[in-house]
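I have placed the structure first, in the form of structure tokens, so that the comments after it can refer back to it.
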There are 2 protein chains.
Amino acid sequence: MLLPEDGPRDGGRRRPLWQRISADLAARVAEGEYGDGFPGEYELAETYGVSRGTIRNALRPLRETGSVTAQRGRKPRVVMGGHGSAFGPVSSLFASVQASGMTQRSIVLARRVVTDPATATLLSLPPTEKLLFLSRLRLADEEPLAVDNVWLPARRVAPLLEVDFADTALYKELRERCGITLDGGQEELRADTATAADAERLGCAVGAPLFRIQRIGYHQGTAIELRCSHILGDRYAVTATFGDGVPAARPAAET
Amino acid sequence: MLLPEDGPRDGGRRRPLWQRISADLAARVAEGEYGDGFPGEYELAETYGVSRGTIRNALRPLRETGSVTAQRGRKPRVVMGGHGSAFGPVSSLFASVQASGMTQRSIVLARRVVTDPATATLLSLPPTEKLLFLSRLRLADEEPLAVDNVWLPARRVAPLLEVDFADTALYKELRERCGITLDGGQEELRADTATAADAERLGCAVGAPLFRIQRIGYHQGTAIELRCSHILGDRYAVTATFGDGVPAARPAAET
DNA sequence: TAGTGGTCTAGACCACCTT
DNA sequence: AGGTGGTCTAGACCACTAT
């Protein structure tokens, strides 16, 4: 496997081999090249003609950001970003993104059982697996705040098929009716602008700023939910506080 | 060096060697054992009787959280008391770009001393306090990624007035020239669209999606920096992983 | 110049999952 | 049984920093 020798240099010297391979793999993942199976470490080592240690260094950023899976014994897979959307540098800025403060009223836009091969694959399910699809418009103070789409494996959440979610929290029902408590997750948060469909459902202008959050929730190592939220940018902000040296007060301003 | 054989086990089997060494080192750091000099990798390898690769795995969590320094040629040092630092390298955009295998460069747009009552107030300073204002255009792989504006109290960071920031990280200079290591911070992340001024500096269309991140960094309870970053939405995504149930396993170094 | 960490190699064994 | 990733070893060379 050839890597660009004349590619970007860092102040005149070559970048480390593992970084070039990592960038190459990230680009290929972003282009959807590995939609049906990501190569293993040994195979990558041979294709690039490097040692396995170098491949492991190259894979570390992709694995830390959840772009590809890595589990003993299992075939690796591409998790996110395979939809032709190139995502470049990624940062785990937050140990936890608090999506709380969003307890409001919901309008159920859709609740039905579907089959969706792409979504099922993201949840590590067979492509034909039946999924419960739940789409809700979330209101805060009776004003639209977000559209929230969730897919869950129908087999695991059968008791939810008859629940009215207009005024209840999904996680509460999951816990009480299915005995499932999510104990982990991955989130990816992007900035985007509203499409015509977004604008209609959210009552905003086309091109208005939006957060798009994709999340996979896990219960004891098994993927349980895929959630895609589209949140109005002017009504929502993610905040994080970290470290010891922060006084209690909490300012807020713009520039 | 003996490690507790009867120590914490993971479901009946021993934890990996590097994790036990990592926990041991973290405990010693927390107790202040290495106040005047942290051992190097070779010395640690000999002390614990393991290979250097194992030591490097054990040190990775300590280095990522900023508990100990690691720079070529320099003697390693313990940075803080050992408890929850994790500011500079972790959430630094500079570092996250590097970690994803891209080249990076900054173009300094402005570097001057200003007075700005609103900003000074945010930093809990008198309104007339002089501030060092630093504005940089950040490039990843020679393409614009973000505009980064920083204000710092000039009195505290006098040595930085002459530094060229085109190729260096602010936090590194803060640490080495001013003896200031940020130990806490607040961040607020918003989705927005590009104004005409943003579009000109970032080379994007007016209305393109942007992240706006505002951060206040603290050193021992005192606000040191106000940072406002404007990052292209199509080149940046924030990811977060949380909980134990996520199979795309990350190395979890506990203590 | 001596010592540091960064990188890379080649090989080995093991735990785990799939088939 | 075969392939996956996780771990560990032993050695090598290089870039950088301090002295």
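What you are looking at is a predicted structure, and each value in this text was computed from that prediction instead of being measured. Quick note on labels: first sequence line is chain A, next is B, and so on, each numbered from 1. Quick note: numbers below take in every heavy atom, side chains included, and nothing from hydrogens, waters or symmetry partners.
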Exercise for review: Specify the separation, in whole Å, of atom CD of A/Glu46 and atom C1' of D/dG3.
Suggested key: 14 Å
Check your understanding: Quick one: A/Arg52 CZ to C/dG11 P, roughly how many Å, whole number?
Key -> 13 Å
**Study point:** Donor-acceptor pair under 3.5 Å, B/Arg72 side chain vs C/dG3 base
**Key:** no
Exercise for review: Would you check if B/Trp18 and B/Val50 make a side-chain contact, meaning some heavy-atom pair closer than 4.5 Å?
Suggested key: no
Check your understanding: How many Å lie between CG on B/Asn57 and C1' on D/dG6, as a whole number?
Key -> 10 Å
Exercise for review: Please state how far atom CG in B/Leu44 lies from atom P in C/dT4, giving the value in whole angstrom units.
Suggested key: 10 Å
Practice item. Using heavy atoms to find the nearest nucleotide of DNA chain D for B/Val50 and B/Tyr42 separately, return the residue whose nucleotide is more 5′. Key: B/Val50
Point to revise | A/Leu17 CG to D/dC14 C1', straight-line distance once rounded to whole Å | key: 14 Å
Review point. D/dT7, D/dG6, C/dC8: which one has an atom nearest the side-chain heavy atoms of A/Thr54?
Key: C/dC8
Check your understanding: For the base of D/dG3, is there a side-chain donor-acceptor partner from A/Arg74 under 3.5 Å away?
Key -> no
Review point. On a plain distance test, is the side chain of A/Arg56 in donor-acceptor contact with the base of D/dT7 below 3.5 Å?
Key: no
Point to revise | Among D/dA10, C/dG6, D/dG6, the nucleotide that comes nearest once only the side chain of A/Arg63 is considered | key: D/dG6
Review point. Could you state the CZ-C1' distance from A/Arg60 to D/dG6, rounded to the nearest angstrom?
Key: 12 Å
Check your understanding: What are the two closest heavy atoms between B/Ile231 and B/Ala146, and how far apart are they?
Key -> CG1-CB, 3.8 Å
Point to revise | Closest heavy-atom pair and its distance - B/His230, B/Asn149 | key: NE2-ND2, 3.8 Å
**Study point:** Distance, rounded to the nearest Å, where A/Glu41 contributes CD and D/dT7 contributes P
**Key:** 11 Å
Exercise for review: Could you check how far CG of A/Leu62 sits from P of D/dG5, rounded to whole Å?
Suggested key: 13 Å
Point to revise | Nucleotide nearest B/Trp18 (side chain, heavy atoms from C-beta), chosen from D/dT7, C/dT9, D/dT4 | key: D/dT7
Exercise for review: Please check if the side chain of A/Thr69 supplies one atom and the backbone of A/Arg77 the other of a donor-acceptor pair under 3.5 Å.
Suggested key: yes
Exercise for review: Give a yes or no on whether B/Arg156 atom CZ has more than 12 heavy-atom contacts from other residues, nucleotides or ligands under 6.0 Å away.
Suggested key: no
**Study point:** DNA chain C: 5'-proximal contact among B/Phe38 and A/Gly53 (nearest heavy atom)
**Key:** B/Phe38
